[in-house]
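Values below: all heavy atoms of this structure, side chains included; hydrogens, waters and symmetry mates excluded. Each chain gets a letter, A, B and so on, in the order its sequence line appears, and its residues count up from 1.
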There are 2 protein chains.
Amino acid sequence: MNAGPARILDSLRRATGRTCSGQTLSGDLGVSRAQIWKHVQTLRNRGYEIHAEAGDGYRLDSVPDRLYPEEIQEGLGTHWLARRIHYFDSIDSTNRVALELAREGAEHGIAVVAEAQTAGRGRLGRSFHSPAFQNLYTSLVLRPDLTIAEAPAWILAAAIAVANAIAATLEDDDAVEIKWPNDVLLSGLKTSGILMELGAEATRVDYLVLGIGVNLNVDRQTFPDEFRHLATSLASHSGRRIDRIEFTRRLYTELETILDACAKGGFDSVRGRFDERFKMRGRRVKVKQLDGRELSGTALGIDADGALRLELEAGGVCRVIAGDVTIVKDPIGHDGPSRRLKEA
Amino acid sequence: MNAGPARILDSLRRATGRTCSGQTLSGDLGVSRAQIWKHVQTLRNRGYEIHAEAGDGYRLDSVPDRLYPEEIQEGLGTHWLARRIHYFDSIDSTNRVALELAREGAEHGIAVVAEAQTAGRGRLGRSFHSPAFQNLYTSLVLRPDLTIAEAPAWILAAAIAVANAIAATLEDDDAVEIKWPNDVLLSGLKTSGILMELGAEATRVDYLVLGIGVNLNVDRQTFPDEFRHLATSLASHSGRRIDRIEFTRRLYTELETILDACAKGGFDSVRGRFDERFKMRGRRVKVKQLDGRELSGTALGIDADGALRLELEAGGVCRVIAGDVTIVKDPIGHDGPSRRLKEA
């Protein structure tokens with residue numbers, strides 16, 4: 001948004017629902033009354049409801065349900081994350097844009113946000129269902145001082161941040177869990193996907209792009225058939241509309257805290273937080289590998305490089321690096337904490 | 001190239017310098033004499049010298065000094081690498097194209113080759129000097145079954161392949177060495193740069209793009225001032241023109257062999273080959289780190305994640321993950337093998 005409308009918006013916001021006179025606005029901002037009127041029109045076109053008083057003045061009645069940078073950044077408490085945000089009504093893929101920015105030298109912490117993706121990327125090259133104005137699709141350019149080998153911890157850290165933001169928003173810790181490799185589930189249904197792309201020289205990460213999609217207000221009844229029984233949204237789960245701006249701020253704040261910890265102490269420094277959300281431990285799972293073969297066993301935990309450790313039914317422990325996991329339900333119906341094993 | 005000209009070229013090549021009659025070509029390929037003539041014109045426009053006999057027939061006199069896919073692939077012995085090549089006279093960056101192909105699902109082994117890059121990427125976000133029709137700029141899309149943590153070994157493997165291809169081309173093993181992190185030097189001067197970009201989910205590499213630039217025929221006197229005392233080309237070093245096609249084939253073949261070994265046994269299975277080329281071991285080096293601070297010490301070796309192990313002058317051993325290395329010359333002038341230490 002241009003500086004003019006942004007400054008008007010700022011003044012109207014500070015008036016917290018009261019009317020600002022055109023004269024005061026004009027004087028404070030040093031622009032003509034006609035300019036003020038023009039900027040107000042710009043804001044209205046962006047969805048801000050601004051009441052023009054009969055006498056002379058403007059009042060901000062409501063802000064639109066849009067992930068505008070100026071809305072997200074209003075009161076955002078981060079130090080370096082999302083201090084600059086590139087916003088798109090619709091884009092092919094936020095990761096594609098962030099990757100381009102990263103390769104052109106964009107600085108640490110720059111965010112890309114879109115209301116809709118026309119070619120959202122998901123795991124294993126799948127597409128990611130990205131309807132407009134309902135959810136959050138964001139990609140972040142990061143330039144950590146990191147070896148490539150340490151990078152996987154940053155995806156695990158992102159999964160923790162997403163899980164924490166969801167739990168805090170719904171005020172429900174129990175329903176949220178991280179499913180290997182990096183899905184965040186609500187009562188067992190997928191609500192979020194995370195992807196990473198990075199550039200590197202021999203050892204060192206040059207840039208790292210984290211792509212995060214979270215189903216917020218989308219109605220799960222509108223999902224494509226093949227997803228409907230597997231996925232949900234925060235709104236479908238809780239029965240109430242989610243404030244997308246507030247969620248986004250919360251996610252960025254969580255993410256900054258966790259990535260800062262990870263940058264200082266590696267994955268070990270956030271492992272405790274990960275384990276709180278990793279409820280697969282001790283449960284019986286089937287993993288369908290990329291070549292179609294299936295492994296069955298008990299999930300033991302996750303290594304710092306993101307691999308899943310599995311105690312095989314056939315005996316022995318193996319590390320799984322890719323595949324689709326199904327949690328096997330206990331025949332008598334409970335498959336929760338009571339059946340969890342201690343980690344080996 | 002279209003099928004028509006490619007088939008004519010194939011027939012002319014198989015005649016190994018003898019004349020093919022237009023009638024035979026027309027009959028063999030099932031196209032009219034007029035078509036044959038048109039295809040010959042296409043080939044001539046691409047730089048093939050084709051002599052038209054007074055009677056009736058065509059003879060291939062020379063092939064152009066161009067990295068055309070059909071030239072590279074003629075007799076290329078690889079099984080999966082560069083079986084498909086995307087060729088550009090000039091492109092912003094071969095890595096950018098390969099990255100786009102990878103993200104769109106391009107298969108394992110696809111290569112991008114360009115005669116010139118207008119925005120070649122180098123280490124630490126620097127630009128890479130990429131003059132036209134002199135060198136090799138190639139990027140490869142790889143889809144190894146790999147964790148992110150294992151990916152750095154693939155850059156080290158690429159450096160081995162480049163070093164081997166250079167040594168074989170020049171028939172000179174002694175002049176070639178790998179300088180940390182992934183430069184290949186000829187008598188101490190830089191001749192090659194390697195970059196990696198990758199996409200991943202939690203654990204697993206989805207795609208990996210290796211970008212390789214090698215100075216082949218460029219005259220080092222034409223380098224920008226700031227590179228001239230640091231870099232060379234195979235031609236400037238050896239005083240003879242390099243067959244770029246032959247070099248490219250050799251590089252792809254070396255690369256496939258080494259990556260296959262790496263895919264089976266990890267970096268350990270190619271460490272011996274790396275060590276042969278890593279002549280920094282035991283030498284005194286200064287490393288200028290990204291924050292400007294300098295480390296001095298003796299190079300001990302490289303870890304599988306690409307980090308340089310340094311025995312500090314101040315005492316202790318540290319792992320360096322990024323920076324610029326200068327090899328400190330011995331005051332009495334020899335800084336070669338005689339001064340090498342055993343690895344700790």
(request) Quick one: pull up CD in B/E100 and CG in A/L99 and give me the separation to the nearest 0.5 Å. (result) 10.0 Å
(request) Mind ranking A/L198, A/D145, A/V209 by heavy-atom pairs under 4.5 Å with chain B and telling me who comes out on top? (result) A/L198
(message) To check you understand the geometry: which heavy-atom pair defines the closest contact between B/A149 and A/P152, and what is its length?
(response) N-CG, 4.4 Å
(message) Please report the interatomic distance CD1(A/I148) to CE(B/M196), rounded to the nearest 0.5 Å.
(response) 3.5 Å
(message) Can you confirm whether more than 12 heavy atoms, excluding those of A/E107, are under 6.0 Å from its CD atom?
(response) no
(request) Please list all pairs passing the side-chain hydrogen bond (donor to acceptor under 3.5 Å, both in side chains) test where one or both residues lie in residues 153-165 of chain A, with sequence neighbours left out. (result) A/N164-A/E254, A/N164-A/R277
(message) Going by ring-ring contact (aromatic ring centres under 6.0 Å, His included), name the residues that satisfy it together with B/F267, two or more places apart in sequence or in a different chain.
(response) B/F274
(request) List the atom of A/R103, the atom of B/S93, and the distance in Å for their closest heavy-atom pair. (result) NH2-OG, 4.0 Å
(request) Locate the shortest heavy-atom distance separating A/R204 from B/A322; write the atom from each residue and the value. (result) CD-CB, 2.7 Å
(message) Please rank A/N95, A/D303, A/I321 by heavy-atom pairs under 4.5 Å with chain B and give me the top one.
(response) A/I321
(message) Take a 6.0 Å sphere around CZ of A/R84 and say whether it holds more than 12 heavy atoms from other residues, nucleotides or ligands.
(response) no
(message) Given heavy-atom pairs under 4.5 angstrom as the criterion, report whether the side chain, backbone, both or neither of B/R319 touches chain A.
(response) side chain
(message) With chain A as the partner, which of B/V320, B/T147, B/V205 has the greatest number of non-hydrogen pairs under 4.5 Å?
(response) B/T147
